[in-house]
**Q** 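Take a look at the following structure, please.
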Amino acid sequence: MKTMKKKVLSLFLSAAVIVTMLTGSMSAFADDDITVTLDGQAIEFDVQPQIIDGRTMVPLRRIFEEIGAVVKWNGETQTVSARKNSKTISMVINSSDMQIDKGDTDNEGNPVYETVTLDVPSQIIDGRTLVPARAISEAFGLNVDWDDTNKNVTITSDEDDDESWKENTGTINLDDLTYTGEGVEISDKEIKITAGGDFTLTGTLDNGNITVNTAEKVKLRLSGVSITSSTNPCIYIENADKAYITITDGTENNLTVKDNESDAIYAKDNLEIKGDGTLNITANGGHAIKASDNLTIENGILNLTSESDGIHVNDIFKMTGGTINASVVGDGVDSESIVIIEGGEFNIETNATPIETNTTDILDNSFPMRPEENNTDVEFEKSSKGINAGWMIEILGGTITVNSASHAIHCQDEIEITGGTFSLNSTYDKGISAHGNLTIGGEDTVINITKSTEGLESKNILTINNGIIDIVSLDDAINATGGKTGTMMGGRGQMMPSQNGVERPEFNGIDKVNKGEKSSNGDIVTPNTHRENRPVPDENEDMQPPEFTGGENRPQNGGMMGGNMKDCLVINGGTVKAVAGDDCLDSNGNIVLNGGTVQAVKENGTFTGSNSVIDPDGTLTVGENVTLVLAARGGTDRGGKNGNAGGLSLPNNAIYLYSETSHNANESITLKNSSGDILAEYLPQAVYSAVLITSPDIEPGADYVLSVGDESHDITISGQNTVIGTQPTAQGYGGRVQRMPDVN
């Protein structure tokens, strides 16, 4: 990448972090009088700039968002980090140290961090993180000026707005190798573009290629192009201020690399693809598209076939529209940094063959299955995930269909989903897996996982705020492990060094060959709203869900790991449906259900406890706004894994049904009130004989009809727990089954 480009990126990122302003003389001005502009555009803040100890402090997140940086917040260590263009910054609240990871390494390959001392520590004021501007601007190369007359802080990124390159319009005819325009050289079917310009390409080029090498911007308009290459990429962006590929409306274009491991499109600088045409790409050895910097896809139809990744990006992959159809051996989309999906359609199939596997039960997707009897760890020669990222995945919309050999969606750190429609199928691995936090929200979010070893997995905190989620899994449907307290990932999946006395646990880094399969857990608290509106990381608030205070008190005995365990799995709303071979909802810490509906079935287990519908290692908290429809072979296991956790403590009225005979999969459960209104309805996809329903709509003294398969029961609610039938006393359903205490 050229030096000028690095400078621009540095400036750009500095804007991300740029936050404050000059000092001294500004202390005389009232906070409400101070304004801030970025590249001529005024920035509105919900908390006004503050002058502290002679330094102007400005809210950090707003400026980050203005320049497109992605921000993460660790509530436990009070650390904010942001990333853009291979650069990561990290600050601990109330610390004067700001650490910068520019992507550099020492002679042994270890990451090198630069520490900048701030004149005034970053701090939280009125729920927003404020930092001093001068030190940040100098660290990242942004230009910062203070207009004393107008009380204005002016931030500029020095971006080159020169658009004279557009004046050089040309054509390249691949059939006869003729061209118009400046800066085109053709020799032995090798076409070189050495000047900025807008070039329209037509025709067929057999065993040739196109190389772009200029300090200016270049646009290639593909208008019915067919290029095959056996030695180099079909299109190679060796150097450019920025490269654009436009797929001309209504045209079909083909790029094929055969008999070598080159990528079909390889861009060393930022690349943007758009247009309403079709581009078919085949790479018999390498990636279909590779970008060393950022890749943005706005529209168009991309049909990708490759022996490696469909799309491989070193920095940020962003998609706002268009369609990607990928059939690959490697990952469908792989970013070593960030994946942002705002719209568009993905149809991804990855088809790598495992090196070794013992997956008979996985392949036939049968129930019941006890995971300890089956080795579900599968290794591949290369990663074969649907969508994969190293630092963060953020999905705000779009339609995503994945049939993958390995994980359907995977990130070495955190995943945040606030929209989109998902149809996910993983032959040997997990549906959605985050080594950091996994946060799911959005009223229109629909996630359907039809096959997986685990449906949703977080190695730290898993939060569901909204959406409709339907999971079929051969192990846990939802699993949250809690991670390691205090972990904060650096720019390349590395641990940020300790700051301000906050120690970071050891981090083992990323296995580059297998794209992170062997990385350790992350521990980063993910904001739970759209990135442009969400309050964190700027809010100084307790990120843990509120403790339930209604009904019975929350159990204080924390099971195997003590009474102060982390709330690892939190459901605040939405609808979750789950069928699992092991636990439907599993947590290595506490499970907190604050709202929403959970419908789940465990064929060979109980409602709670080991190998059950709900299995916390710590406590289980159920709030007043929660509806549960649970089906199992056994009943309530009040013993849990350690004999003292996992029992149900419900704030609302509940109905328990213990049938004398088993019900087959897809025999419906329906609860109606006396007016015939359906209060709860569920179609379990496994055999069951016990049913638990609790809901804020079940009122004392009211009459209901519970239909389970061909059974029908008239019920009058006379106490908090209404029991029909007798809970089995035999053991062997995956947890200790005990008779429920007498009720009513």
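Keep in mind that the numbers below use all heavy atoms, side chains included, and drop hydrogens, waters and symmetry copies. Along the sequence shown, residues are numbered consecutively beginning with 1.
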**Q** To the closest 0.5 Å, what do you measure between CH2 (W391) and OG (S335)?
**A** 11.5 Å
**Q** Which heavy-atom pair separates N388 from H410 by the least distance, and what is that distance?
**A** OD1-ND1, 2.7 Å
**Q** Excluding sequence neighbours, so at least two apart, what forms side chain to side chain donor-acceptor pair (under 3.5 Å) with N260?
**A** S262
**Q** Could you walk me through whether L456 and I471 pass the side chain to side chain contact (heavy atoms under 4.5 Å, CB included) test, one step at a time?
**A** CA-CA 8 Å; L456 303 178; I471 301 171; 3.7 Å; yes
**Q** So among V576, I432, D586, which one has a side-chain contact (heavy atoms from CB on, under 4.5 Å) with I478?
**A** V576
**Q** Whether the side chain of N294 engages the backbone of I316 through a donor-acceptor N/O pair (distance < 3.5 Å, no angle test) should be reported.
**A** yes
**Q** Cut-off 3.5 Å, side chains only: do N448 and S423 have a donor facing an acceptor?
**A** no
**Q** Between E457 and K430, does any NZ, NE, NH1 or NH2 come within less than 4.0 Å of an OD or OE carboxylate oxygen?
**A** yes
**Q** Distance from L396 atom CG to I341 atom CD1, nearest 0.5 Å?
**A** 9.5 Å
**Q** What are the two closest heavy atoms between C568 and G482, and how far apart are they?
**A** SG-CA, 3.4 Å
**Q** Does the pair H287 and S308 meet the rule for a side chain to side chain donor-acceptor pair (under 3.5 Å), with working shown?
**A** CA-CA 5 Å; H287 308 305; S308 193; 3.0 Å; yes
**Q** Please test I348 against N403 for side chain to side chain contact (heavy atoms under 4.5 Å, CB included), starting from the C-alpha separation and ending with a verdict.
**A** CA-CA 6 Å; I348 296 174; N403 290 281; over 6 Å; no
**Q** Donor-acceptor check, side chain of S458 to backbone of G436, threshold 3.5 angstrom: yes or no?
**A** yes
**Q** Is there a side-chain contact between I440 and T463, using heavy atoms and a 4.5 Å cut-off?
**A** no
**Q** Output, in order, the C-alpha distance, side-chain angles, deciding distance and verdict of side chain to side chain donor-acceptor pair (under 3.5 Å) for S406 and D429.
**A** CA-CA 5 Å; S406 185; D429 252 318; 2.9 Å; yes
**Q** Roughly how far, to the nearest 0.5 Å, is CG of D334 from NZ of K382?
**A** 11.5 Å
**Q** Kindly write out the residues that satisfy side-chain contact (heavy atoms from CB on, under 4.5 Å) with V328, not counting sequence neighbours, or none if the list is empty.
**A** S306, A326, T350
**Q** Kindly give the heavy-atom pair with the smallest separation between G431 and A408, and that separation in Å.
**A** O-CB, 3.2 Å
**Q** Got a sec, which residues hit side chain to side chain donor-acceptor pair (under 3.5 Å) with E345, two or more places apart in sequence or on another chain?
**A** N347
**Q** How would you list, by chain and number, every residue that makes a side-chain contact (heavy atoms from CB on, under 4.5 Å) with C234, sequence neighbours excluded?
**A** I227, S229, L255, V257
**Q** Does any donor atom in the side chain of R83 or S337 lie under 3.5 Å from an acceptor atom in the other side chain?
**A** yes
**Q** Using side-chain contact (heavy atoms from CB on, under 4.5 Å) as the criterion, list what pairs up with E272, not counting sequence neighbours.
**A** K242, Y244, K274, T296, E298
**Q** To the nearest 0.5 Å, tell me how far L424 CG sits from I400 CD1.
**A** 7.5 Å
**Q** For T399, what residues pass the side chain to side chain donor-acceptor pair (under 3.5 Å) criterion, not counting sequence neighbours?
**A** none
**Q** Are I591 and L593 close enough that some pair of their side-chain heavy atoms sits under 4.5 Å apart?
**A** yes
**Q** The criterion is side-chain contact (heavy atoms from CB on, under 4.5 Å); which residues satisfy it with A434, sequence neighbours excluded?
**A** I415, L438
**Q** Could you pull out all residues at least two apart from N280 that satisfy side chain to side chain donor-acceptor pair (under 3.5 Å)?
**A** E252, N254, N303
**Q** Is any side-chain heavy atom of E336 less than 4.5 Å from a side-chain heavy atom of H312?
**A** yes
**Q** Less than 4.5 Å apart, side chain to side chain, heavy atoms only: is that true for I469 and T445?
**A** no
**Q** Given side chain to side chain contact (heavy atoms under 4.5 Å, CB included), test S404 with K385 step by step and report yes or no.
**A** CA-CA 6 Å; S404 60; K385 302 176 179 69; 5.8 Å; no
**Q** Can you name the residues that form a ring pair (Phe, Tyr, Trp, His ring centres under 6.0 Å) with Y266, not counting sequence neighbours?
**A** Y236
**Q** Within the structure provided, determine whether I237 and K268 are in side-chain contact (heavy-atom separation under 4.5 Å).
**A** no
**Q** Where the side chain of D583 meets the backbone of S612, is there a donor-acceptor pair that is under 3.5 Å apart?
**A** yes
**Q** Between L304 and I324, is there a side-chain heavy-atom distance shorter than 4.5 Å?
**A** yes
**Q** Could you state the interatomic distance from CG (N666) to CG (L683), rounded to the nearest 0.5 Å?
**A** 4.5 Å
**Q** Give me the one residue out of D476, L474, D615 that meets side-chain contact (heavy atoms from CB on, under 4.5 Å) with D582.
**A** D476
**Q** State, to 0.1 Å, how close S433 and H407 come at their nearest heavy-atom pair, and which atoms those are.
**A** CB-ND1, 4.0 Å
**Q** Looking at every non-hydrogen atom in both residues, tell me the closest pair between A288 and A264 and how far apart they are.
**A** O-CB, 3.3 Å
**Q** Taking the side chain as every heavy atom from C-beta outward, state whether E342 and I340 have any atom pair closer than 4.5 Å.
**A** yes
**Q** Are side-chain heavy atoms of V339 and I387 found at a separation under 4.5 Å?
**A** yes
**Q** Between N590 and T619, does the side chain to side chain donor-acceptor pair (under 3.5 Å) criterion hold? Intermediate values first, please.
**A** CA-CA 5 Å; N590 304 324; T619 59; 3.1 Å; yes
**Q** Determine the minimum heavy-atom distance between E238 and D269, stating which atoms define it.
**A** O-OD2, 4.2 Å
**Q** Restricting to ring pair (Phe, Tyr, Trp, His ring centres under 6.0 Å), what partner residues turn up for F346, sequence neighbours left out?
**A** none
**Q** Going by the rule salt bridge (charged side-chain N to carboxylate O under 4.0 Å, His left out), which residues pair with K290 if we only count those two or more places apart in sequence or in a different chain?
**A** none
**Q** Going by salt bridge (charged side-chain N to carboxylate O under 4.0 Å, His left out), name the residues that satisfy it together with E454, two or more places apart in sequence or in a different chain.
**A** none
**Q** Evaluate the side chain to side chain donor-acceptor pair (under 3.5 Å) criterion for residues D413 and H435: first the C-alpha distance (whole Å), next the side-chain angles of each, then the deciding distance (0.1 Å), finally the verdict.
**A** CA-CA 5 Å; D413 210 326; H435 285 220; over 6 Å; no
**Q** Nearest 0.5 Å, please: how far is OG in S384 from CD in E349?
**A** 9.5 Å
**Q** With side chain to side chain contact (heavy atoms under 4.5 Å, CB included) as the test, would you mind laying out the steps for V601 and L630 before giving the verdict?
**A** CA-CA 6 Å; V601 59; L630 311 181; over 6 Å; no
